[in-house]
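First up is the structure itself, then whatever we jot down about it.
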Amino acid sequence: MSKLFETVKVGRYTLANRLAMGPMTRSRAQYDGTPGELAAEYYAQRADIGLIVTEGTQPSEDGQGYMTTPGIHTDAHVAGWRKVADAVHAKGARLFIQLMHAGRMSHPDNTPHHRQGVAPSAIAPNTPMFTPAGMQDIPVPRALSTAEVRQTVDDFRMAARRAIEAGADGVEIHGANAYLVQQFFAPSANARDDAFGGSIANRARFAIEVAKAIAGEIGADRTAIRLSPGITLWGIDEGAEGPALYRYLVSELDKLGLAYLHIMHQGDEALLADIRKLWKGALVLNRPGRPREQIGADIESGLADVEAYGQMVLANPDFVTRLKTNAPINLADRNTFFGGSAAGYTDYPNLAPQ
């Protein structure tokens, strides 16, 4: 485990250690998408970790899917995130804002504009989601035109610029967990017959164009992407070509010199090994549910450069100290994950002073 606490170069930055806080939706932003009053405290509490990746943050009005998630496309959003960035930097960590467009994972009741969700194709995910009226089925989304797809790429580019204006060290493109970028990968969500559908290269095109646009705007060494190969959440089925798509996608992204690739691993070890060979830059690896005794194993083996953890960091603001001292780990309270107040957000205890 000692390698976990060594510095590591990620993009233009040297991280204090090889641990990252994975992105976790907390649904505590203001109605307009400005980070909530406690957000700066929440992230700063956890800033003994080398890299903080924020909760998914919509790059545009149409990118919102859930209630009270933050945005990064207005002046108010920038001002709110500036408080977060300043608080995190004061503790010595680096902050990447995750840009998340929910795509078809949206409900009109959850957004200020109440518009129909947008997606690669007009195919519903056939799953309910939480709304102010309780659980409701997600309606069929509106298919983006080719021109609108290109406008969405530009929305990501402009959001990345706003993130840097807010003081963030970089952005992570959310290409995982069944949201818009991954919807383009999956035939179950993408039935397009233009340049963004059909072949592997076409289905990977949106992700690559978003990465290129952001890298051109803020620098490749401040641009990252998260992928979840093989995930089957909410109607996503990447089909038999899924592994081949990721091998192609990673090889193309590798050419851009991005800061890091963040993999949420779903169990295909052969594909993961191939991704490690194809990706020449820093690899951040998240294995959901990994037991404490295996923390550091992927760093030790050389499979990953950084290991990302979610719930354990959420419940343990002093996660690094607890690992170093082999102290007990707080358990996360699932009942307070989404929405609410300081409870389950900024009130998890640190270790008592010795």
Side-chain angles (χ1 to χ4, degrees), residues 19-30 33 35-36 38-59 63-72 80-81 84-85 87-88 93-102 105 110 129-130 163 168 170-179 181-182 224-228 231 233-234 260 262-266 284-290 292 295 306-320 322 329-348:
L19 288 160
M21 176 179 172
M24 292 171 284
T25 293
R26 302 309 312 272
S27 295
R28 284 171 167 84
Q30 298 175 30
L38 294 174
E41 180 182 356
Y42 165 71
Y43 284 112
Q45 284 177 342
R46 289 152 182 82
D48 63 347
I49 213 157
L51 173 65
I52 289 177
V53 185
T54 74
E55 62 210 282
T57 303
Q58 52 259 16
Q64 184 174 358
Y66 301 98
M67 293 188 296
T68 57
T69 52
I72 185 63
W81 279 115
V84 175
V88 167
R94 294 295 181 179
L95 181 83
F96 273 53
I97 292 178
Q98 189 190 63
L99 301 183
M100 171 186 152
H101 192 304
M105 293 303 301
N110 287 349
M129 78 185 312
F130 191 78
V171 301
E172 178 182 285
I173 301 159
H174 197 344
N177 293 45
Y179 298 116
V181 174
Q182 191 174 27
I225 189 166
R226 191 181 206 219
L227 304 173
S228 56
I231 200 170
L233 280 172
W234 303 317
Y260 65 83
H262 187 175
I263 296 292
M264 192 179 85
H265 185 51
Q266 295 298 303
V284 179
L285 186 56
N286 173 224
R287 294 180 186 262
R290 163 155 275 200
R292 177 177 179 164
I295 293 175
V306 176
E307 292 183 9
Y309 293 92
Q311 293 182 30
M312 283 195 281
V313 179
L314 183 157
N316 297 275
D318 52 352
F319 184 59
V320 174
R322 288 174 188 264
I329 295 289
N330 300 324
L331 296 179
D333 178 7
R334 300 185 65 86
N335 294 322
T336 59
F337 278 1
F338 307 112
S341 62
Y345 191 53
T346 56
D347 66 345
Y348 280 104

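In what follows, every heavy atom counts, from backbone to side chain, and hydrogens, waters and symmetry copies are set aside.
Within the 4.5 Å cutoff, side-chain heavy atoms of Arg292 are placed close to those of Ile329. In this structure, Gln182 and Leu233 have side chains that are not in contact, with every pair of non-hydrogen atoms separated by 4.5 Å or more. Between Phe130 and Ser27, the closest side-chain pair of non-hydrogen atoms is not below 4.5 Å. The shortest side-chain heavy-atom distance between Met21 and Tyr43 falls under the 4.5 Å cut-off.
With hydrogens and angles ignored, the 3.5 Å screen pairs a side-chain donor or acceptor of Arg26 with a backbone N or O of Phe337. A distance-only check finds no donor-acceptor pair linking the side chain of Glu55 to the backbone of Thr69 [under 3.5 Å]. The closest donor-acceptor contact from the side chain of Arg28 to the backbone of Thr68 lies at 3.5 Å or more, if one exists at all.
Shown here are the ring pair (Phe, Tyr, Trp, His ring centres under 6.0 Å) partners of Tyr42, two or more places apart in sequence or in another chain: Tyr345. With sequence neighbours excluded, no residue forms a salt bridge (Lys or Arg N to Asp or Glu O under 4.0 Å) with Arg46. Here Thr54 pairs with nothing under the side-chain hydrogen bond (donor to acceptor under 3.5 Å, both in side chains) rule; sequence neighbours left out. Applying the ring pair (Phe, Tyr, Trp, His ring centres under 6.0 Å) criterion to His101, with sequence neighbours excluded, gives no partner residue. Scored by the salt bridge (Lys or Arg N to Asp or Glu O under 4.0 Å) test, Arg226 finds no partners at all (sequence neighbours excluded). Residues passing the ring pair (Phe, Tyr, Trp, His ring centres under 6.0 Å) test with Tyr260 are Phe96, sequence neighbours excluded. Looking at residues two or more places apart in sequence or on another chain, you find a side-chain contact (heavy atoms from CB on, under 4.5 Å) between Glu307 and Leu4, Arg290, Ile295, Asp298, Ile299, Tyr309. Annotation: side-chain contact (heavy atoms from CB on, under 4.5 Å) contacts of Ala308 (sequence neighbours excluded): Ala20, His262, Val284, Asn286. Checked against side-chain contact (heavy atoms from CB on, under 4.5 Å), Asp333 has the following partners two or more places apart in sequence or in another chain: Asn335, Thr336, Tyr348.
Nearest heavy atom pair, residue Asn177 against residue Ser228, reads N-OG, 3.0 Å. Minimum heavy-atom separation, Ala85 to Ala168: CB-N, 4.1 Å. Taking each heavy atom of Gln64 and Asn110 in turn, the nearest pair found is NE2-O, 3.3 Å. The nearest pair of heavy atoms linking Ala40 to Ala87 is O-CB, 3.8 Å. For the pair Gln98 and Pro23, the tightest heavy-atom approach, listed with the atom from each and the gap, is NE2-CG, 3.3 Å.
Expressed to the nearest 0.5 Å, how far CG of Leu38 lies from OG1 of Thr346 amounts to 4.5 Å. The distance from the CG atom of Leu99 to the NE2 atom of His174 is 10.5 Å, given to the nearest 0.5 Å. To the nearest 0.5 Å, atom CG of residue Leu227 and atom CD1 of residue Ile263 are 4.5 Å apart. Rounding to the nearest 0.5 Å gives a distance of 4.5 Å between CD1 of Ile97 and CD1 of Ile72.
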Result block: side-chain N/O donor-acceptor pairs under 3.5 angstrom for residues 311-319, not counting sequence neighbours:
| unit_1 | atom_1 | unit_2 | atom_2 | d |
| --- | --- | --- | --- | --- |
| Asn316 | OD1 | Arg322 | NE | 3.3 |
| Asn316 | OD1 | Asn330 | N | 2.7 |
| Asn316 | OD1 | Asn330 | ND2 | 3.3 |
| Asn316 | ND2 | Met312 | O | 2.8 |
| Asn316 | ND2 | Asn330 | O | 3.1 |
| Asp318 | OD1 | Arg322 | NE | 2.7 |
| Asp318 | OD2 | Leu351 | N | 2.8 |

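Within 6.0 Å of atom CG in Leu331, 12 or fewer heavy atoms from other residues, nucleotides or ligands are found, so the atom counts as exposed in its surroundings.
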